[in-house]
2 protein chains.
Amino acid sequence: MISSTAPENVKDVHGVRERILTAGRAEFAQNGLGAGSVRAIGERAGVTAAMINYYFGGKRALYDAVVSEAQARLGRRLSAAVAGDRAGLAPRLAAAHFDFLSEEPELQRLLLREVLDQGQSVRELAARYVQPLRALFEQHFGADDEALQLAVSLFGAVAGYFLYEPLLGAFLGVDPHSPGALARRRRHVIRLATHLDEMNR
Amino acid sequence: MISSTAPENVKDVHGVRERILTAGRAEFAQNGLGAGSVRAIGERAGVTAAMINYYFGGKRALYDAVVSEAQARLGRRLSAAVAGDRAGLAPRLAAAHFDFLSEEPELQRLLLREVLDQGQSVRELAARYVQPLRALFEQHFGADDEALQLAVSLFGAVAGYFLYEPLLGAFLGVDPHSPGALARRRRHVIRLATHLDEMNR
DNA sequence: ATACGTTCTAAATGAACGTTTAGATCCGCT
DNA sequence: AGCGGATCTAAACGTTCATTTAGAACGTAT
């Protein structure tokens with residue numbers, strides 16, 4: 001249960017709490033939990049470091065709030081893609097994943113750091129989203145191992161593109177974040193997913 | 001140019017330098033450059049923190065040495081896979097990449113952190129290995145965009161499997177590091193690469 | 001046995017860290 | 001006008017950080 005230990009009577013009439021949340025997201029995405037500094041977050045938000053404790057109860061609690069918000073956002077996107085028609089589920093999921101990562105590079109970095117740090121929130125995330133996805137996957141595609149492996153590859157292909165962006169710049173010969181490169185990548189990823197969909201016919 | 005500023009006259013008769021290198025690798029893989037501590041490295045190596053400065057000239061220089069050694073090791077593996085027969089290049093590369101990551105999870109984490117931290121060594125790595133790979137790729141497969149995209153997907157599929165290991169545990173239903181799961185994944189990845197190879201016939 | 005360079009520790013230094021505290025300022029309500 | 005809670009800052013606290021320094025211990029060669 002991620003909850004801030006801040007006093008109940010804060011009202012945040014000037015949007016400071018929101019600004020700290022944004023600043024914390026940027027700082028933690030850039031430097032991670034351990035190397036991120038509350039003084040730097042305060043500077044980004046235009047307040048003193050003491051405000052982090054006032055509104056959130058501490059550095060760790062702010063981090064938890066930031067991560068849990070990011071996870072919720074990703075979860076909402078994936079859930080929306082899962083809902084609706086059964087046909088075209090795989091490409092819809094791939095597109096949703098791809099779009100989330102390309103639109104929110106900050107959250108991508110933040111969540112990757114959380115995975116690398118082996119934060120317990122990762123295991124919670126696994127239980128909350130990945131397990132149900134697996135169940136959905138099985139009833140749609142069956143428990144065939146090759147289909148599972150392909151799904152994993154698809155996932156890695158989508159995430160890896162953004163993770164290894166600096167290396168891929170040299171490999172692809174263009175900036176991976178340029179509109180053209182993004183569009184080409186999106187097309188390819190959706191085609192891969194469609195292939196997975198059809199493989200099961 | 002990554003070089004330690006340690007005095008020239010150190011001889012390391014007791015293998016302390018090597019022990020510090022190993023300890024630094026473990027510490028930086030676990031916590032990254034910013035959050036890793038030289039005191040913790042000293043403890044791991046059984047010496048005082050001052051020894052990091054004595055042998056390497058500082059925390060940053062030790063980190064550079066550790067990362068550059070890891071990159072060299074990965075580079076050697078990939079180079080060995082590239083050398084030899086032209087046929088089967090893609091699956092050989094994929095297998096080499098996969099084997100490196102599965103055998104050296106510590107280096108995997110270390111290098112991933114370096115990518116996330118956008119260290120300049122990543123750009124150097126890109127220039128040293130990725131660009132030549134791209135040239136090799138082009139003369140073998142042509143500049144076809146779909147082939148490039150597939151290569152990127154393959155790369156992401158290999159790396160993503162290890163990166164998202166805690167999530168995949170929930171998805172695959174087994175420990176991704178178990179021998180059986182590793183063997184299945186390796187087979188799948190090689191098959192994907194072979195598919196890429198044949199696509200170009 | 002003595003001298004010397006190498007290896008290492010313990011202690012000190014100054015900066016940065018997260019957090020706490022005391023109090024100033026602000027604003028709505030009576 | 002003045003009280004009271006909400007918001008915020010400046011300063012201080014204790015801890016940890018990377019690094020420097022002085023000198024002890026060690027092995028080797030003379």
Side-chain angles (χ1 to χ4, degrees), chain A residues 2-67 113-114 117 119, chain B residues 2-67 113-114 117 119:
Chain A
I2 292 159
S3 74
S4 98
T5 33
E8 295 292 319
N9 42 353
V10 303
K11 286 173 187 163
D12 187 31
V13 290
H14 297 108
V16 172
R17 202 189 129 98
E18 205 57 41
R19 259 157 52 213
I20 291 177
L21 218 44
T22 304
R25 185 159 51 235
E27 173 76 5
F28 289 134
Q30 199 165 89
N31 302 320
L33 170 60
S37 132
V38 298
R39 279 185 166 87
I41 294 172
E43 262 183 44
R44 279 182 203 258
V47 293
T48 334
M51 285 295 95
I52 277 91
N53 294 278
Y54 180 68
Y55 278 101
F56 292 90
K59 179 194 192 182
R60 181 61 207 235
L62 170 60
Y63 178 78
D64 285 343
V66 162
V67 166
R113 287 212 128 87
E114 176 68 3
D117 289 345
Chain B
I2 291 157
S3 75
S4 97
T5 34
E8 295 293 318
N9 42 352
V10 303
K11 285 174 187 163
D12 188 29
V13 289
H14 295 109
V16 172
R17 202 190 129 97
E18 207 56 42
R19 260 157 53 214
I20 291 176
L21 219 42
T22 303
R25 187 159 49 234
E27 173 76 4
F28 289 134
Q30 201 166 87
N31 301 319
L33 170 59
S37 133
V38 297
R39 278 184 168 87
I41 293 172
E43 262 182 46
R44 278 183 203 259
V47 293
T48 335
M51 286 295 95
I52 278 90
N53 294 278
Y54 179 70
Y55 279 102
F56 293 91
K59 178 195 192 181
R60 180 61 207 234
L62 170 61
Y63 177 78
D64 285 343
V66 162
V67 166
R113 288 213 124 92
E114 177 67 3
D117 289 346

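Note on naming: letters A, B, ... go to the chains in the order of the sequence lines (proteins, then strands), and numbering restarts at 1 for each one.
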Check your understanding: Is A:R39 reaching over with its side chain to a backbone N or O of A:A49, donor-acceptor style, under 3.5 angstrom?
Key -> no
Exercise for review: Give the nucleotide from the list C:dG18, D:dT19, D:dT7 with an atom nearest to the side chain of A:Y54.
Suggested key: D:dT7
Study note, to complete from the structure: Of D:dT19, C:dT19, D:dC8, the nucleotide closest to the side chain of A:V38 is C:dT19
Practice item. Describe the nucleic acid contact of A:G36 in one word from base, sugar-phosphate, nothing, applying a heavy-atom distance below 4.0 Å. Key: sugar-phosphate
Study note, to complete from the structure: The nucleotide from C:dT20, C:dG18, D:dC8 with an atom nearest the side chain of A:Y55 is D:dC8
Exercise for review: Return yes if some donor-acceptor pair links the side-chain N/O of B:E27 with the main-chain N/O of B:S37 below 3.5 Å, else return no.
Suggested key: yes
Exercise for review: Look up atom CE in A:M51 and atom CZ in A:F56, then write down how far apart they are to the nearest 0.5 Å.
Suggested key: 11.5 Å
Check your understanding: Which atom names give the shortest non-hydrogen contact between A:I41 and A:G24, and what distance separates them?
Key -> CG2-N, 3.8 Å
Check your understanding: Please give, in whole Å, the distance from C:dG18 P to A:I20 CD1?
Key -> 14 Å
**Study point:** d(NZ, B:K59; C1', C:dA16) in whole Å
**Key:** 12 Å
Check your understanding: Under 4.0 Å between a side-chain N or O of A:S37 and OP1 or OP2 of C:dA16?
Key -> no
Exercise for review: Would you kindly check whether a donor in the side chain of A:R39 faces an acceptor in the base of C:dA16, or vice versa, at under 3.5 angstrom?
Suggested key: no
Practice item. Starting at atom CD1 of A:I52, determine the distance to atom C1' of C:dC17, rounded to an integer number of angstrom. Key: 13 Å
Point to revise | CG on A:L62 to CG on A:N53, rounded to 0.5 Å | key: 9.5 Å
Point to revise | For atom CZ of A:F28 and atom C1' of C:dG18, their distance in whole Å | key: 11 Å
Review point. Side chain of B:T48: nearest nucleotide among C:dG18, D:dT19, C:dT9?
Key: C:dT9
Exercise for review: Consider the side chain of A:N53, meaning its heavy atoms from C-beta on, and name the nucleotide among D:dT19, C:dT19, D:dC8 that approaches it most closely.
Suggested key: C:dT19
Exercise for review: Check the distance between D:dT19's C1' and B:I41's CD1 and give it to me in whole angstrom.
Suggested key: 14 Å
Review point. Roughly, in whole Å, what's the span from NE2 in A:H14 to P in C:dC26?
Key: 11 Å
Check your understanding: Nearest-Å distance, CD (A:E27) to C1' (C:dA16)?
Key -> 13 Å
Review point. Atom CE of A:M51 to atom C1' of D:dC8: distance rounded to whole Å?
Key: 5 Å
